[in-house]
Amino acid sequence: MAAGDAIPLHLYLCPLNLPGLSSELQSHLLDTLPLDEQQKVMRYRMAPAREKGLLVRCYLRALLSKAHTQLIQSSLNHSQLNANIDGAIAPSEWRFDYLDKGKPVLSKDFFARSQLVFNLSHSGDYMLLAIAQAPQLELGVDIERLRQNTNIHAILNHYFTRQEREALLALPSARQRERFFDLWALKESYIKAKGLGLALSLKSFFFELSETEHQALNFKGLDTRQARLEQAARLFIVKEDSQQTDLGNDPQQAQPAAGWQSMLWQLGDEYRFALSLSSTDPLDLRCEMVSAQALLSE
């Protein structure tokens, strides 16, 4: 892919609240996982957490296979589209490694075969998964459910820069909680893209939000959902020697992050999600609302 070409990026929105998921179906899904992942799922003591842990792992495997197959198909010429896909990877085959701070990535063998990068997040009733075939790309996503019981003001001083705090507190009180979760999703998406966890200080960067032309993002599927982009997000990096003095809003102490783009979408009134990636190339977003039936048929 040449510089400036649109990056094909798959975004999958996956339901995690499945009342009809019987114990028999859960056992079937568990059997599709390798032993180490089965053990991780079974460590959850509460049944709802165990079910979500199972679904997250199964969605990831099924959708990696789906995205990989689609990318192979798109690279073939029209006369070959009905041929057997050479190099397809079954959901049960994928293997993963973890970076020093815990970010999951494909193992070296499967990365070499697929060239896929991915990142996922889950909150409340949804999991969000981003997949791209761009080997050098740093990619992070975060989805957040707006929670009324979170004491946002106790968190502001610890994790937000002065610039972010002042912009948030300048809003009407009814909007402050929404802005908090908007910023939290953006900051999490950038930290996850970098793969450094909290070793990367949340005060070492900040986001500016501004109104922009509204855009719709449709997750197609049996249960179609629409997300809205209503604000433009701009990422700034704070100079290292000014992070401790909290000068994050001083133009002399921060600079726009070169080579990065971040986006924020609203999903209804309760959820928002953010995407950060180390490229300013345009994106070819391929969005899908995944059905549980599709997962169970894998």
Side-chain angles (χ1 to χ4, degrees), residues 1-14 56-57 59-71 74 89 94-108 110-123 126-144 182-200 202 204-205 207 217 219 227 229 232-235 237 256-265 267 272-288 290:
M1 185 174 65
D5 288 349
I7 300 172
L9 184 71
H10 295 262
L11 276 180
Y12 297 103
L13 188 62
C14 310
V56 165
R57 287 169 170 80
Y59 277 130
L60 172 59
R61 290 174 169 277
L63 295 172
L64 280 169
S65 292
K66 181 174 184 174
H68 182 235
T69 298
Q70 289 176 341
L71 288 165
S74 66
I89 300 172
W94 296 99
R95 294 295 181 269
F96 305 95
D97 288 329
Y98 296 88
L99 302 183
D100 290 344
K101 301 300 180 180
K103 181 178 181 177
V105 296
L106 291 178
S107 69
K108 290 182 180 179
F110 283 89
F111 178 73
R113 286 177 62 183
S114 67
Q115 299 292 289
L116 294 181
V117 295
F118 73 91
N119 197 239
L120 65 86
S121 172
H122 53 90
S123 179
Y126 294 105
M127 165 184 152
L128 182 71
L129 172 64
I131 302 174
Q133 194 174 47
Q136 304 303 316
L137 189 69
E138 295 175 276
L139 173 66
V141 294
D142 189 63
I143 184 168
E144 294 290 337
D182 289 346
L183 288 171
W184 193 261
L186 283 162
K187 290 172 85 72
E188 280 283 339
S189 72
Y190 178 66
I191 277 187
K192 292 175 70 179
K194 297 298 292 182
L196 298 175
L198 292 180
L200 177 63
L202 285 163
S204 67
F205 63 95
F207 283 93
L217 189 67
F219 286 85
L229 188 149
R234 194 176 181 201
L235 172 63
I237 305 300
W260 281 82
Q261 61 178 309
S262 298
M263 302 176 191
L264 174 72
W265 288 276
L267 187 66
R272 65 261 299 119
F273 63 88
L275 166 71
S276 289
L277 64 158
S278 60
S279 173
T280 56
D281 289 340
L283 302 180
D284 175 12
L285 291 174
R286 305 171 183 187
C287 305
E288 182 178 342
V290 181

| message | Using side chain to side chain contact (heavy atoms under 4.5 Å, CB included), reason through Leu120 and Cys14 one step at a time and then give a plain yes or no. | response | CA-CA 11 Å; Leu120 65 86; Cys14 310; over 6 Å; no
Does any N or O in the side chain of [X] come within less than 3.5 Å of the main-chain N or O of [Y], such that one atom is a donor and the other an acceptor?
| X | Y | answer |
| --- | --- | --- |
| Gln261 | Ser279 | yes |
| Ser65 | Ile89 | yes |
| Gln133 | His68 | no |
| Lys192 | Val141 | yes |
| Glu144 | Asp182 | no |
| Arg61 | Trp94 | yes |

| note | Only one of Val290, Leu129, Ile143 passes side-chain contact (heavy atoms from CB on, under 4.5 Å) with Leu13, and that residue is Ile143
Which distance, rounded to the nearest 0.5 Å, do you find between the [atom1] of [X] and the [atom2] of [Y]?
| X | Y | atom1 | atom2 | answer |
| --- | --- | --- | --- | --- |
| Arg272 | Leu186 | CZ | CG | 10.5 Å |
| Leu217 | Cys287 | CG | SG | 3.5 Å |
| Ile7 | Leu285 | CD1 | CG | 10.0 Å |
| Asp281 | Asp5 | CG | CG | 7.5 Å |
| Lys194 | Tyr190 | NZ | OH | 4.5 Å |
| Phe273 | Met263 | CZ | CE | 10.5 Å |

Any side-chain heavy-atom pair of [X] and [Y] under 4.5 Å:
| X | Y | answer |
| --- | --- | --- |
| Pro135 | Val117 | no |
| Trp184 | Leu202 | yes |
| Ile131 | Leu71 | no |
| Leu139 | Leu275 | yes |
| Leu60 | Pro104 | no |

| task | Tell me whether the guanidinium CZ or amine NZ of Lys187 lies under 6.0 angstrom from the six-membered ring centre of Phe205 and within 45° of its axis. | result | yes
Nearest heavy atoms of [X] and [Y], plus distance in Å:
| X | Y | value |
| --- | --- | --- |
| Phe219 | Leu11 | CE2-O, 3.7 Å |
| His122 | Val56 | CD2-CG2, 3.8 Å |
| Leu116 | Phe111 | O-CD1, 3.3 Å |
| Ala193 | Glu138 | O-CB, 3.6 Å |
| Ala199 | Lys101 | CB-CE, 3.8 Å |
| Ser276 | Ser189 | OG-OG, 2.8 Å |

| side chain to side chain contact (heavy atoms under 4.5 Å, CB included) partners for Leu99, two or more places apart | Lys103, Val105
| message | Between Ile237 and Ser204, does the side chain to side chain contact (heavy atoms under 4.5 Å, CB included) criterion hold? Intermediate values first, please. | response | CA-CA 6 Å; Ile237 305 300; Ser204 67; over 6 Å; no
| field | side chain to side chain contact (heavy atoms under 4.5 Å, CB included) assessment of Arg286 paired with Gln70 | value | CA-CA 11 Å; Arg286 305 171 183 187; Gln70 289 176 341; 5.7 Å; no
| remark: With sequence neighbours left out, the residues meeting ring-ring contact (aromatic ring centres under 6.0 Å, His included) with Tyr12 are His10
| said: If the condition is salt bridge (charged side-chain N to carboxylate O under 4.0 Å, His left out), which residues does Asp142 pass it with, not counting sequence neighbours? | reply: none
| task | Check the pair Phe96 / Leu64 against side chain to side chain contact (heavy atoms under 4.5 Å, CB included), numbers first and verdict last. | result | CA-CA 12 Å; Phe96 305 95; Leu64 280 169; 3.8 Å; yes
